[in-house]
Structure formats: C-alpha cells, structure tokens
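Have a look at the structure below, then the notes.
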Amino acid sequence: MDRIRTRFAPSPTGYMHIGNLRTALYEYLIAKSQGGDFILRIEDTDQERYVEGAMDVVLDTLKMTGIDYDEGPGKGGEYGPYIQSERRPIYKEYALKLVESGHAYYCFCTKERLDSLKTGSDALGTSFNYDRHCRDLSKEEIEANLAAGIPYVIRQKMPLTGTTTFDDAVYGSITVENKTLDDQVLLKSDGLPTYNFANVVDDHLMKISHVVRGNEYLSSTPKYNLLYEAFGWEIPTYIHCAPVMKDEHNKLSKRNGDASFGDLIAKGYLPEAVLNYIALLGWSPSGNEEFYTLSELEKAFTITGISKSPSIFDVDKLKWMNGEYIRRMTADEFYSKAKPWIDNAVGDALSETKKIRIASLIQPRTEILTEIEEKISFFKELPEYSTELYCHKKMKTDTENSLTGLKLVLDELEGKTFAEDEWVSQNLYEILCNIAAENEIKNSQILWPVRTALSGLAVSPGGATELAEILGYNETIRRIKIGIELLSK
RNA sequence: GGCUCCUUGGUCAAGAGGCUAAGACGUCGCCCUCUCACGGCGAAAACAGGGGUUCGAUUCCCCUAGGAGUCACCA
C-alpha cells in the first residue's frame, strides 16, 4: 500500500473556523496514525477574498495546537509550490489535456447567455444546468473563436447516460445518475482553475491518498471521480465529515458571529482542551476515555469512529473540559498560566507568595482563565456590599449575630501580634473556632460573618481564614471594622 | 423543486439482530465542607413514525415525516 498522505487546504480568510480546525486535526491524525505525511496547501485562487496576514492565522493556529505539517509553505517539500496562486500554469496545462482527450471542451458562451438560461430555469423552479451549447462545436468554429480572441472557459464533458459510483469511508457507496451532472467549469476565463478542478489536480500531483473534507462536497464528488478517471489517475479514499453546528439548524460560522479558534483562546480556553474537545465532536474512540493529548490521539484515531451526522458545538462541555485541564495542571503550571490574570486583578498590592497562594485557591474554581479576574479582584479592593450578605439561612446568621460575631473576633485579634507562621489559615481557623466554642455559638456564626466582611461577596474563592491569611493582619482588621460599622447602622 | 445524505436522552455519543440501550457534559438530589467550587454517591432523561423480513428488531429492507447539503467563471 502506498504511503498515507493527507492535506489541509484552507483558503486564507483570517478566521480559523472550528470546523476547519477539526478537519485539519482529522487529516493530521489519519496521516499520523498510519505513519504518513500531512501537507498544508493554501487555496488562494480567489483574489477577491485576499486578506492581509490571513496565512499567519493558519500557521499560528497549527503551531499553537501542535498540528505540525510535513510539507507546505515555509517548509517546502517535494511537491511544491504549496500555495495555489503560485501553481497557476499547471492547471491550464491539465485542462488542455482533458480537451485533447475529449473529456472537456471550450465554451465561449457569454455571461449574458448563461444568465438568461439561469433565470429561465429559476422561473421553472428547476435546477440550473448548462445547456451544453458549446459541447459539440466543430474544430473550425473553435479555432476561429480562439483566433478571434473570444474569451472562453473550459468545461468538463459529463457522460450523458449511466451512473457514477464512489465510495466514501464514512458514508459508504454513493451512486448518482450521470445525467444530473452539470458540465462544470474547470478553467475560468481568467485562466485560473475552479476549486473543484484545482483540488483534483493538486491532490493528484501531491500524491494525496486520503481526501478529508466537509460533507458539503459529497454531491460534487462524482464529478471528481470522473475527472480522476479521465486523467487515468488513481482515485483517493474519500472521507467526508459532517459539519460542526451552532445549533440544530445553523453551522458554526463567522457570519453568525461564532467564536473562531483564536476567539476561544482569547477567552481563556487552552489550546489542548479545545483540540481535545473538537476531536470528540464527530469522532468517537473505542473506549470510554475522553482525555487525549495530541500524541495519544495519533494512536487512538480510527476513520471508522467518524460520525455521519452533524454535531452541535457544546460550550458547556468545552468549559468543563477546559476546567478539567486546569485542575490537572501542577500548581506551578497553573500559576504560570494564571499569573497575567492575577497580576491584572490585584496589581502590586500582594507579594509573589500571596499570589501563589491565590492561585492555589482558584485553581479548582477556574474553568476558563478569563474568570480569574472577577473572582479575585476583591483582594485588591473591598467591594461595596449590602448587610443582607450577612444573613444566611443555613449558617444561621443574621445581621445581629453577625455583628456580635465580628466584635468577638475583633476583640480577640486586635492588639495582638502574630508571627508570620501564625497568621496562616490553619492556625486562624483554630482561633476562630475557639471563639465560637467559648461563647457557645456555632462555628458558622463566626466564620460566615468574617468571610463576608473580608470579601464583601456572597461567594469567594476560599473561606474566612484562607482569605484572612492572604489579606494579612492589618487588612483583615480593617475589613472587620468596616463590617462592624456597616452592621451597627 | 431535482439529486444526495442524515435521524439513539437537552448536548456529545457507544451499541452492528437477543443488553436492565454504555459513558460524558448539563440538570436535579444527597454527602463532604469555614461560603462557593473541587471531590464522592445517586436520580431523572433517548432508539422520529409506520410497515415489512425474522422466533426476535435501535440494529436489515421499504415508506412517511423532519433536518442538512448541493444544484456558480466561490471555495
């Protein structure tokens, strides 16, 4: 069997679509799971869509996710160039070969003629097919038109009868009637190939063995097959993937304002988590394991696990998985990822040690990195809060006993000096619980008021004594006094 | 509209003639607990509908319904 070779062939739009990234992933995995090659080819034959810097988006994404290509722009390879606009002369040459062999023909129809055909078929409510007006022009007519410089396109000459069958590794065998196939344009009047034609030529020339793409191409695949046959080329294995959806009816798309890969990263998702999640969107491993690194995926991936029906992108599950990745990090790893966000939230107010302590508190409470800031900004500045916060049914607290509790704590702590190793959560916890015991009240009637006074929030990343440790003695006393003052009004 | 494809819980999905129809997210409940989260335990929740084939269909076939894709000198 020949070497497995797959390719990712994005058109550079400056937006890394999640569906495209998933296709790239599958292409990479199919190749790598068999020890094959993964090629990057840029399809930029549509000059109108040219976007500055768009190729960098593709390159950066692949780099960030670890999807490394063996051949492609910037890397070279045996079958370059890998940018379609640099391959221009190739396509015409192959189109002409098809004309010679009788599988394609010159078409000199004007835009106006085609438009009127189209409006005619629209009126009938039927599909538009080219009426094959130029299909059987005589050699003389063609020569004359060419000599006169009349613009032309080259069209594929479809068989008029019979059927064409192709096999897809996901969808199985699909057969269509040849008479439903349009004599599609292969070479445009500007001399550039259409996507369908360039794809076939490039895939063959680059020795692509497995063509992986969205299932929107399923219906044009018979035309591909006919092209391969006309050239006498070996037909690749087709693998069509169902789309990634935003909801039941709509694809995930830039038009709908849906997040691109870059957007997700900016929102605080980790590239590994995103990759892991989308690997599972439309593909299922043989066991129940859901967590895979890229190299684990390379081992586990199988084409038979790809599903036929569309998958809805579930942000909730991605979030959960991202949180799971965060929780599985070592404390050091998490701190280095979280540091920019922590710095942003608390500035220089706290020492490095305190920040590390904060990181340890928020690590199990963070699903995406962007949540960090709002969770910890109270360390820097006590928010304004309502005394309602002191009332908690389960803690059996109200504004009155909270005031009492805070006063007891203040009495106990104020004026005392604490060594550094004494002002720690564990020790403070004992002190506070002792206060409760001595006064025969519930622990919660001390702890809840203190936690509330220190955070000014209904929920906080840590309990009373953990917050106190980080805030330090002075700030703790200050915030307790503020609480007492508020409750005394 | 023609052609092609798809259809298991709210979501991702396993299952390939006989199963109490997996697992995960989410939801809900309980436990743990200095709030919340983490963690632990548990619950509710699905084979689109109708016909066949078969001793037996989620699984095979047909039809219906619903959905998607495609029908460009766009990719």
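As the structure is a prediction and not an experimental result, all values here were calculated from the model.
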Please state the [atom1] separation for the pair [N] and [M] - nearest whole angstrom.
| N | M | atom1 | answer |
| --- | --- | --- | --- |
| B:rC73 | B:rU64 | C1' | 41 Å |
| B:rC25 | B:rG67 | P | 32 Å |
| B:rG40 | B:rU4 | C1' | 50 Å |
| B:rU27 | B:rG52 | P | 44 Å |
| B:rG50 | B:rU58 | P | 11 Å |

Residues A:Tyr171 and A:Asn215: side-chain donor-acceptor under 3.5 angstrom: yes
Looking only at non-hydrogen atoms, find the nearest pair between A:Asn129 and A:Thr180 and report the distance. ND2-O, 3.9 Å
Could you label the plane-to-plane angle of the A:Tyr195 and A:Tyr217 rings as parallel, tilted or perpendicular, counting under 30° as parallel and over 60° as perpendicular? parallel
Please work out which of the three classes, parallel, tilted or perpendicular, describes the rings of A:Tyr26 and A:Phe301, given edges at 30° and 60°. tilted
Please walk me through it: do A:Arg88 and A:Glu86 pass salt bridge (charged side-chain N to carboxylate O under 4.0 Å, His left out)? CA-CA 6 Å; A:Arg88 190 187 279 247; A:Glu86 296 171 10; over 6 Å; no
Under 4.0 Å, heavy atoms only, any strand: does [X] hit a base, just the sugar-phosphate, or nothing?
| X | value |
| --- | --- |
| A:Val185 | sugar-phosphate |
| A:His240 | nothing |
| A:Asp316 | sugar-phosphate |
| A:Thr175 | sugar-phosphate |

Nucleotide by nucleotide, nucleotides 6-13 of chain B touches protein heavy atoms under 4.0 Å in the pattern (B base, S sugar-phosphate only, - none) SS---SSS
Any ion pair linking [Y] and [X] (charged N to carboxylate O, less than 4.0 Å)?
| X | Y | answer |
| --- | --- | --- |
| A:Arg113 | A:Asp131 | yes |
| A:Lys299 | A:Glu296 | no |
| A:Lys337 | A:Glu333 | no |

Between A:Arg327 and B:rG39, is there a contact of a side-chain N or O with OP1 or OP2 at under 4.0 Å? yes
Kindly say whether, by distance alone, the side chain of A:Ser460 makes a donor-acceptor pair under 3.5 Å with the base of B:rC36? no
Tell me if the side-chain of A:Thr465 makes a donor-acceptor pair with the base of B:rC34, cut-off 3.5 Å, by modelled atom types. yes
Reading RNA chain B from 5' onward, which residue's closest nucleotide shows up sooner: A:Gln84 or A:Ser173? A:Ser173
Which residue lies toward the 5' end of RNA chain B, A:Asn199 or A:Asn288, if each is placed at its nearest nucleotide? A:Asn288
Short of 4.0 Å, heavy atom to strand atom, which residues of [range] count as contacting RNA chain B?
| range | result |
| --- | --- |
| residues 215-224 of chain A | A:Asn215, A:Glu216, A:Tyr217, A:Ser219 |
| residues 361-375 of chain A | A:Pro364, A:Arg365 |
| residues 387-413 of chain A | A:Lys394, A:Met395 |

Would the number of heavy atoms belonging to other residues, nucleotides or ligands and lying under 6.0 Å from NZ of A:Lys267 be above 12? no
When you look at A:Tyr325 and A:Tyr269, which way does the side chain to side chain donor-acceptor pair (under 3.5 Å) test go after all the steps? CA-CA 10 Å; A:Tyr325 267 82; A:Tyr269 291 92; over 6 Å; no
Donor-acceptor list for residues 435-445 of chain A side chains, cut-off 3.5 Å, not counting sequence neighbours:
unit_1: A:Asn439; atom_1: ND2; unit_2: A:Ile435; atom_2: O; d: 2.7
unit_1: A:Ser444; atom_1: OG; unit_2: A:Met395; atom_2: O; d: 2.9
unit_1: A:Gln445; atom_1: OE1; unit_2: A:Lys442; atom_2: N; d: 3.3
unit_1: A:Gln445; atom_1: NE2; unit_2: A:Lys396; atom_2: O; d: 2.7

Counting Watson-Crick and G-U wobble pairs with both distances under 3.5 Å, what is the dot-bracket string for RNA chain B, 5' to 3', using [ ] for crossing pairs and | for pairs to another strand? (((((((..(((.....[....))).(((((.......)))))....(((((..]....))))))))))))....
